[in-house]
Amino acid sequence: STAVGYAGGYTPHPTYNEACSGQTGHTEAVFVVYDETKISYSDLLRQFFESHDPSQYMGQGNDRGTQYRGAIYTYDADQLALAEAAKKMYTVALGKDLTTEILPMEKAGPFYYAHEAYQQYLARPGARPYCSAQPQGISMPPFSDWEAGDLKDE
């Protein structure tokens, strides 16, 4: 399951307007809860990197600002190592530097849930699909090519 909100900033409980002001340091974020028996963390990383242009700094397409920066905030050392290994491999695959911020959640600050009106937005009747993410059409190499040391695909 997912929830949308804000992370990586320094203002407690930011609103959407505050996050968009660039004054809070937050990025718009998705909190993902997943079942490791159904999908692996490496598959989530693959989806993340392939679904936008991770080389764009502080934005996606025409959307610009700190709230649109690419970021991965991890919950343990294995997630951190896997995220860094995935970024390194996708940098090679894309052939350009990636600006994705990768930090442990304890350094990024807490995740703050966005207002209920923003949760599961695209599932609502009349929702306007909008996203200026610009996938690059380049696949992430197989996990076996970028796995981080002895870490398993979990």
Side-chain angles (χ1 to χ4, degrees), residues 1-91 93-94 96-140 146 154:
S1 67
T2 61
V4 296
Y6 315 102
Y10 38 81
T11 301
H13 306 285
T15 65
Y16 175 75
N17 287 337
E18 289 171 338
C20 289
S21 75
Q23 304 282 321
T24 72
H26 288 87
T27 187
E28 292 181 357
V30 179
F31 184 86
V32 179
V33 177
Y34 66 102
D35 181 343
E36 293 175 355
T37 66
K38 295 182 179 179
I39 189 168
S40 67
Y41 186 64
S42 67
D43 285 334
L44 295 174
L45 291 168
R46 175 185 313 282
Q47 183 68 30
F48 172 83
F49 283 109
E50 291 179 358
S51 296
H52 73 294
D53 181 356
S55 70
Q56 287 196 2
Y57 180 69
M58 297 293 178
Q60 283 295 297
N62 291 327
D63 292 332
R64 311 305 297 160
T66 62
Q67 75 273 24
Y68 297 116
R69 71 185 183 276
I72 299 171
Y73 302 127
T74 62
Y75 282 93
D76 61 40
D78 287 354
Q79 284 186 352
L80 181 64
L82 286 168
E84 289 173 344
K87 179 181 176 181
K88 182 177 179 181
M89 182 54 69
Y90 205 58
T91 297
L94 269 183
K96 51 185 169 180
D97 291 335
L98 305 189
T99 62
T100 304
E101 175 181 280
I102 300 175
L103 292 172
M105 198 67 196
E106 63 264 13
K107 289 187 179 177
F111 174 86
Y112 294 104
Y113 290 90
H115 186 275
E116 177 59 32
Y118 298 111
Q119 303 301 328
Q120 305 302 321
Y121 172 78
L122 292 176
R124 296 172 190 243
R128 179 179 64 93
Y130 170 79
C131 184
S132 64
Q134 299 176 334
Q136 300 299 287
I138 304 294
S139 296
M140 172 74 81
W146 59 268
E154 296 177 354

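- Few gaps surround CG on Asp35; more than 12 heavy atoms of other groups in view lie less than 6.0 Å from it.
- With rounding to the nearest 0.5 Å, the separation of CD in Gln23 from CG in Asn17 is 12.5 Å.
- Summarising the geometry of Ser139 relative to Ala93, their closest heavy-atom pair is O-CB, 4.2 Å, with the distance given to 0.1 Å.
- The CZ atom of Arg69 sits 8.5 Å away from atom NE2 of His26, with the distance rounded to the nearest 0.5 Å.
- Residues Thr27 and Ala71 come closest through the heavy atom pair CG2-CB, 4.2 Å.
- Here the side chains of Tyr34 and Ser1 are not in contact, with every heavy-atom distance at 4.5 Å or above.
- Annotation: side chain of Thr74 is not in contact with side chain of Met105 (no heavy-atom distance under 4.5 Å).
- Nearest heavy atoms, Glu18 versus His13: OE1-O, 4.0 Å.
- Judged purely by atom type and a 3.5 angstrom limit, Thr11 has no side-chain atom pairing as donor or acceptor with the backbone of Pro14.
- Rounded to the nearest 0.5 angstrom, Tyr41 OH and Ile72 CD1 are separated by 5.5 Å.
- Remark: aromatic rings of Tyr90 and Phe49 are close, center separation under 6.0 Å.
- Annotation: the span from Gln79 atom CD to Leu44 atom CG amounts to 9.0 Å, rounded to 0.5 Å.
- Other residues, nucleotides and ligands contribute more than 12 heavy atoms inside 6.0 Å of the CZ atom of Phe111.
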Derivation of the side chain to side chain contact (heavy atoms under 4.5 Å, CB included) call for Gln119 and Val4: CA-CA 6 Å; Gln119 303 301 328; Val4 296; 3.6 Å; yes

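- The distance from the CD atom of Glu50 to the CG atom of Leu94 is 9.5 Å, given to the nearest 0.5 Å.
- In this structure, Lys96 places its NZ atom where more than 12 heavy-atom neighbours from other residues, nucleotides or ligands lie under 6.0 Å away.
- A distance of 8.0 Å separates OG1 of Thr24 from CD of Gln67, quoted to the nearest 0.5 Å.
- With hydrogens and angles ignored, the 3.5 Å screen pairs no side-chain donor or acceptor of Thr2 with any backbone N or O of Val32.
- The two residues Leu45 and Ala86 have their closest heavy-atom pair at CD1-CB, 4.0 Å.
- Taking 4.5 Å as the limit, some side-chain heavy atom of Glu28 sits within range of a side-chain heavy atom of Tyr16.
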Side chain to side chain donor-acceptor pair (under 3.5 Å) between Tyr73 and Glu101, worked out: CA-CA 8 Å; Tyr73 302 127; Glu101 175 181 280; 2.3 Å; yes

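- The minimum heavy-atom distance linking Thr100 with Pro54 is given by the pair OG1-CB, 3.5 Å.
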